[in-house]
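Presented below is the structure to which this report refers.
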Amino acid sequence: SKNWKFNSKDLIERELRSEYLSAFVKAFSGTATEISPWYIVPADTKWYTRYLVSEILLDVFKDINPQYPPLPESEKIQIPIYMEKLNKEK
């Protein structure tokens, strides 16, 4: 039904499928680590792909628990001055 997507060279590439899969497995298993894993998600439905990526990111952020860096004492002292300046802009 989608003849415009067909390319006769695809038939040649299909014959190499097992080689591609072997390279795929080798690349991903050889480069994924516990602290830097690969996530392979289906991409045929955009909303579902985005959902899966958001869930992965949420899990990662929960695990790493990112925090804002502490404000140096020299900056904390200046906060009232900064606030006054900002309030004057209103």
Side-chain angles (χ1 to χ4, degrees):
S1 67
K2 295 184 181 180
N3 293 337
W4 58 271
K5 283 191 169 186
F6 178 76
N7 184 327
S8 60
K9 292 182 180 171
D10 291 340
L11 296 175
I12 296 168
E13 296 301 318
R14 288 175 67 90
E15 293 175 10
L16 302 171
R17 186 172 193 271
S18 63
E19 291 178 46
Y20 284 133
L21 287 176
S22 177
F24 173 84
V25 169
K26 186 177 178 181
F28 285 98
S29 62
T31 58
T33 64
E34 189 174 325
I35 62 168
S36 184
W38 281 96
Y39 295 93
I40 301 168
V41 296
D44 51 346
T45 307
K46 285 183 182 181
W47 74 265
Y48 188 62
T49 302
R50 291 174 180 151
Y51 166 75
L52 289 176
V53 170
S54 70
E55 290 295 305
I56 291 167
L57 288 172
L58 183 61
D59 287 344
V60 169
F61 283 133
K62 284 179 182 176
D63 287 345
I64 65 173
N65 190 22
Q67 301 291 316
Y68 288 108
L71 193 60
E73 226 22 75
S74 61
E75 288 292 314
K76 283 183 186 178
I77 295 169
Q78 299 294 325
I79 289 178
I81 296 167
Y82 300 149
M83 293 296 293
E84 184 180 338
K85 189 173 187 174
L86 289 170
N87 284 328
K88 285 181 180 179
E89 289 181 5
K90 293 179 183 179

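Annotation for L71 and K76: closest pair O-CE, 3.4 Å, computed over non-hydrogen atoms. Across A32 and P37, no two heavy atoms sit closer than the pair CB-CA, 4.3 Å.
Taking CG of L52 as the reference point, atom CD1 of I40 lies at 12.5 Å (rounded to 0.5 Å). One distance of note links CZ of R14 with CG of L16; it measures 11.5 Å at 0.5 Å rounding.
Applying the side chain to side chain donor-acceptor pair (under 3.5 Å) test to pairs two or more places apart or on separate chains, those with a residue in residues 38-61 are T31-W38.
Remark: of the listed residues N65, L58, V60, L58 is the sole one forming a side chain to side chain contact (heavy atoms under 4.5 Å, CB included) with K62.
V25 and F28 fall within a single hydrophobic cluster, where Ile, Leu, Val, Met, Phe, Trp and Tyr are joined by side-chain heavy atoms under 4.5 Å apart, directly or via other members.
Among residues two or more places apart in sequence or in another chain, the salt bridge (Lys or Arg N to Asp or Glu O under 4.0 Å) test is passed with K88 by E84.
Proximity of R17 to L21: side-chain heavy atoms (C-beta onward) are separated by under 4.5 Å at one or more points.
Between F24 and Y20, the distance from one ring center to the other does not fall under 6.0 angstrom.
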